[in-house]
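Have a look at this one.
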2 protein chains.
Amino acid sequence: MYPMSTKQPDLTREKILQFAFCEIHRKGFQAASITNILQDTGMTKGALYHHFPTKQALGLAVIDEVIKKRLDALIFRPLRESERPVETLLEIIATIDQKVPSEYVMLGCPLNNLMQEMSALDELFQARLSAVFGLWQQAIEDALTRGQKQGVIRPDVDCQPTALFIASAWEGCIGIAKNMRSPEVFASCMKQLHGYVRGLQSEPAVATQEQYKGG
Amino acid sequence: MYPMSTKQPDLTREKILQFAFCEIHRKGFQAASITNILQDTGMTKGALYHHFPTKQALGLAVIDEVIKKRLDALIFRPLRESERPVETLLEIIATIDQKVPSEYVMLGCPLNNLMQEMSALDELFQARLSAVFGLWQQAIEDALTRGQKQGVIRPDVDCQPTALFIASAWEGCIGIAKNMRSPEVFASCMKQLHGYVRGLQSEPAVATQEQYKGG
DNA sequence: TACATTACATACCGAGCGGTATGGATGTGT
DNA sequence: ACACATCCATACCGCTCGGTATGTAATGTA
């Protein structure tokens with residue numbers, strides 16, 4: 001066991017998942033080629049179909065074990081663990097383009113890409129993707145709700161639909177920037193979203209008013 | 001000619017375009033099957049490849065001759081021809097779900113679907129799709145600019161990035177509602193967008209404040 | 001050490017795809 | 001009426017895809 005045996009099923013599975021994520025992110029799920037993924041990893045169909053019964057199962061695993069985890073580390077957890085969730089939300093919106101590989105502007109959000117492609121075609125994809133997006137929406141809603149209790153969000157804000165709108169607009173901004181192939185468009189859009197969230201804050205609390213990165 | 005001759009190339013071409021639009025709208029461009037389209041229309045490959053050299057050319061024609069025209073009739077032209085463009089914009093946002101087939105909530109925006117799928121893969125698609133989206137953004141920007149001249153939009157609003165954000169959020173709302181398979185989510189999201197646009201209006205002008213459909 | 005199970009590699013298959021070559025039917029200009 | 005271009009139908013091709021059947025080496029178990 002300790003001398004690094006040749007067969008390491010967990011690592012093999014993880015490696016396949018990572019390369020599958022990349023291929024799917026670049027080509028979309030349907031256009032993603034099993035053969036290409038295997039070619040990249042240097043493995044064969046025997047390995048892949050030992051760990052995943054079908055291409056669909058591989059796609060679903062990518063959603064749960066790669067995409068969800070990345071979003072959690074990037075957005076959900078910081079919001080959850082923050083003591084000033086509204087400030088954290090604003091900071092994430094303002095700096096998200098720096099915390100993600102620059103090529104992601106061209107490739108778009110992996111979650112949104114799959115949602116647009118697969119939701120209408122496959123119920124299992126739809127369910128998993130909706131679940132992940134639900135986490136996103138919930139993370140924002142919790143941040144707003146906690147902000148209201150802290151008095152930094154106006155009491156008249158209806159947090160649930162507001163969070164839904166923020167998450168939707170967020171995905172929309174990423175999608176359009178991807179289409180435009182323009183980091184500037186992405187920055188501009190996210191700045192507007194930033195302003196929208198700031199507009200939800202209570203009037204007295206203008207401390208974080210001009211925190212947005214200069215430009 | 002007058003007795004409805006058997007060969008009507010224009011109608012044939014248009015028929016192919018319409019069925020291709022439906023197939024692409026439902027399956028996406030790559031998954032759209034030429035064979036399926038022909039099966040639906042009752043035609044053959046001879047007809048299709050006489051009018052369109054490749055599948056790509058068919059897709060590009062669908063963008064310019066179907067999607068663009070529909071968006072123009074539904075959104076761009078009403079905004080352009082309106083004398084109160086801001087009110088018109090608000091009205092479109094508030095009633096868009098009634099002016100479009102109900103199944104479109106499940107299928108999403110044809111433009112956005114193609115943008116998400118094809119922009120990263122094909123430069124010609126990217127160019128055409130960006131052009132159409134640019135019309136959208138420009139239509140909103142013009143509406144806001146004219147609104148500013150009329151005094152109904154606050155002078156401090158920067159119309160260009162604001163229009164970009166509105167269009168992006170708009171597409172985002174459609175995309176998320178499609179993923180959720182929920183007309184209610186769509187209505188909720190668009191209501192928030194409606195509120196955002198209202199927030200751009202000058203304070204004195206509260207006439208259209210509560211125009212949003214009851215619910 | 002003997003054996004069963006896991007973890008892969010290799011070769012192969014049917015199906016559906018976009019695209020083409022060819023031929024015939026229809027309209028058009030002269 | 002004849003030549004010709006347009007319009008469309010049919011049959012076919014090469015390719016790639018996801019998936020499988022089979023074999024084999026490594027690993028866990030007794």
Side-chain angles (χ1 to χ4, degrees), chain A residues 1-24 26-63 65 114 117-118 121-122 124-125, chain B residues 1-24 26-63 65 114 117-118 121-122 124-125:
Chain A
M1 173 179 287
Y2 49 90
M4 214 179 78
S5 51
T6 64
K7 302 225 173 162
Q8 309 173 72
D10 292 354
L11 291 183
T12 300
R13 183 187 152 92
E14 187 60 28
K15 193 174 178 183
I16 292 175
L17 278 174
Q18 293 299 330
F19 278 83
F21 167 78
C22 285
E23 173 85 358
I24 292 172
R26 272 156 223 282
K27 310 281 187 65
F29 175 76
Q30 300 180 94
S33 164
I34 296 283
T35 307
N36 278 355
I37 295 173
L38 295 172
Q39 189 170 298
D40 292 345
T41 63
M43 305 183 193
T44 64
K45 289 196 173 182
L48 194 150
Y49 280 97
H50 173 73
H51 290 282
F52 306 96
T54 67
K55 187 190 181 187
Q56 183 197 42
L58 174 62
L60 297 177
V62 166
I63 294 173
E65 301 180 37
L114 282 177
E117 179 187 6
M118 298 304 296
L121 300 179
D122 188 294
L124 285 180
F125 270 88
Chain B
M1 173 178 289
Y2 51 89
M4 212 177 78
S5 53
T6 64
K7 301 222 175 170
Q8 310 176 69
D10 292 355
L11 291 182
T12 300
R13 183 187 152 92
E14 187 60 27
K15 193 174 179 183
I16 292 175
L17 278 175
Q18 292 299 331
F19 278 83
F21 167 78
C22 285
E23 173 85 357
I24 292 172
R26 273 158 222 282
K27 309 281 187 65
F29 176 75
Q30 300 180 93
S33 163
I34 297 284
T35 307
N36 277 356
I37 296 173
L38 295 173
Q39 189 170 299
D40 292 345
T41 63
M43 305 181 191
T44 63
K45 290 196 173 181
L48 193 148
Y49 281 96
H50 174 73
H51 291 281
F52 306 96
T54 66
K55 187 190 180 188
Q56 183 198 43
L58 174 61
L60 297 176
V62 165
I63 295 173
E65 302 180 38
L114 283 177
E117 180 187 3
M118 297 303 298
L121 300 179
D122 188 294
L124 285 179
F125 270 87

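Residue numbering restarts at 1 for every chain, and letters A, B, ... go by the order of the sequence lines.
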Just the rounded figure in Å: distance from C1' of dC7(D) to NZ of Lys15(B).
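Taking NZ of Lys15(B) and C1' of dC7(D), I get 15 Å after rounding.
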Partners passing ring-ring contact (aromatic ring centres under 6.0 Å, His included) against Phe21(A) (at least two apart in sequence or in another chain)
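Listed in chain order: His25(A).
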Without decimals, in angstroms, what is the distance between Gln8(A) CD and dC8(C) C1'?
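My rounded result for the distance is 13 Å.
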Under 4.0 Å, heavy atom to any atom of DNA chain C: which of residues 29-36 of chain A qualify?
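Heavy-atom contacts with DNA chain C come from no residue of residues 29-36 of chain A; none.
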Out of dC7(D), dA7(C), dA9(D), whichever nucleotide has its closest atom nearest the side chain of Pro9(A)
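Output: dA7(C).
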Find out whether Ile16(A) and Thr12(A) are in side-chain contact, i.e. whether some heavy atom of one side chain is under 4.5 Å from a heavy atom of the other.
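Side chain of Ile16(A) against side chain of Thr12(A), heavy atoms only: contact under 4.5 Å found.
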Where the side chain of Ala47(B) is defined as all heavy atoms beyond and including C-beta, which of dT20(D), dC8(D), dA9(C) is the nearest nucleotide?
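Nearest to the side chain of Ala47(B) among the choices is dC8(D).
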Which atom names give the shortest non-hydrogen contact between Ala20(B) and Val62(B), and what distance separates them?
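Closest pair (atom of Ala20(B), atom of Val62(B), distance): CB-CG2, 4.0 Å.
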Please give me the minimum heavy-atom distance between Glu23(A) and Ala31(A), naming the atom from each residue.
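Residues Glu23(A) and Ala31(A), closest heavy atoms: OE2-O, 4.4 Å.
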Mind grabbing the angle between the end helix axes of the helix from dT1(C)-dA30(D) to dG23(C)-dC8(D)? Five pairs an end, 10° rounding.
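What I find for the helix from dT1(C)-dA30(D) to dG23(C)-dC8(D) is an axis angle of 10°.
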Side-chain atoms of residues 37-48 of chain B: list all donor-acceptor pairs with protein atoms under 3.5 Å, sequence neighbours left out, distances to 0.1 Å.
unit_1   : atom_1 : unit_2   : atom_2 : d
Thr41(B) : OG1    : Ile37(B) : O      : 3.3
Thr41(B) : OG1    : Leu38(B) : O      : 3.0
Thr41(B) : OG1    : Met43(B) : N      : 3.2

Using whole Å, report how far CD1 of Ile37(B) lies from P of dG18(C).
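Rounded to whole Å, this separation is 8 Å.
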Between dT10(D) (C1') and Leu38(B) (CG): distance, integer Å:
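To the nearest whole Å, that distance equals 13 Å.
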Between Thr12(A) and dA7(C), does any side-chain N or O lie under 4.0 Å from OP1 or OP2?
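No, no such contact exists.
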Sorted by number, the residues of residues 49-60 of chain B with heavy-atom contact under 4.0 Å to DNA chain C:
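When residues 49-60 of chain B is checked for heavy atoms under 4.0 Å from DNA chain C, the hits, listed by number, are Tyr49(B), Thr54(B), Lys55(B).
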Provide, to the nearest angstrom, the distance between the CG atom belonging to Leu48(A) and the P atom belonging to dG18(D).
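Rounding to the nearest Å, CG of Leu48(A) and P of dG18(D) are 10 Å apart.
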Can you name the nearest heavy-atom pair linking Leu17(B) to Ala61(B), along with the distance?
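Residues Leu17(B) and Ala61(B), closest heavy atoms: CD2-CB, 3.8 Å.
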Provide, to the nearest angstrom, the distance between the CG atom belonging to Asp10(B) and the P atom belonging to dG27(C).
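One finds 14 Å between P of dG27(C) and CG of Asp10(B), rounded.
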Under 3.5 Å donor-acceptor, Lys55(A) side chain and Ala32(A) backbone:
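Flag set: sc Lys55(A) to bb Ala32(A) pair under 3.5 Å.
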Once ring pair (Phe, Tyr, Trp, His ring centres under 6.0 Å) is applied, what residue pairs with a partner in residues 28-61 of chain A remain, sequence neighbours excluded?
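Matches after skipping sequence neighbours: Phe29(A)-Phe125(A).
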Round to a whole Å and report the spacing from NZ of Lys27(A) to C1' of dC17(D).
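In whole Å, dC17(D) C1' and Lys27(A) NZ are 13 Å from each other.
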Nearest 0.5 angstrom please: Leu58(A) CG to Glu65(A) CD, how far?
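One finds 10.0 Å between CG of Leu58(A) and CD of Glu65(A).
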Side chains of Glu117(A) and Gln30(A): donor-acceptor distance under 3.5 Å anywhere?
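Glu117(A) vs Gln30(A): donor-acceptor pair found between side chains.
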Calculate, to the nearest 0.5 Å, the distance between atoms CD and CG belonging to Gln56(A) and Asp122(A) respectively.
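It comes to 4.5 Å.
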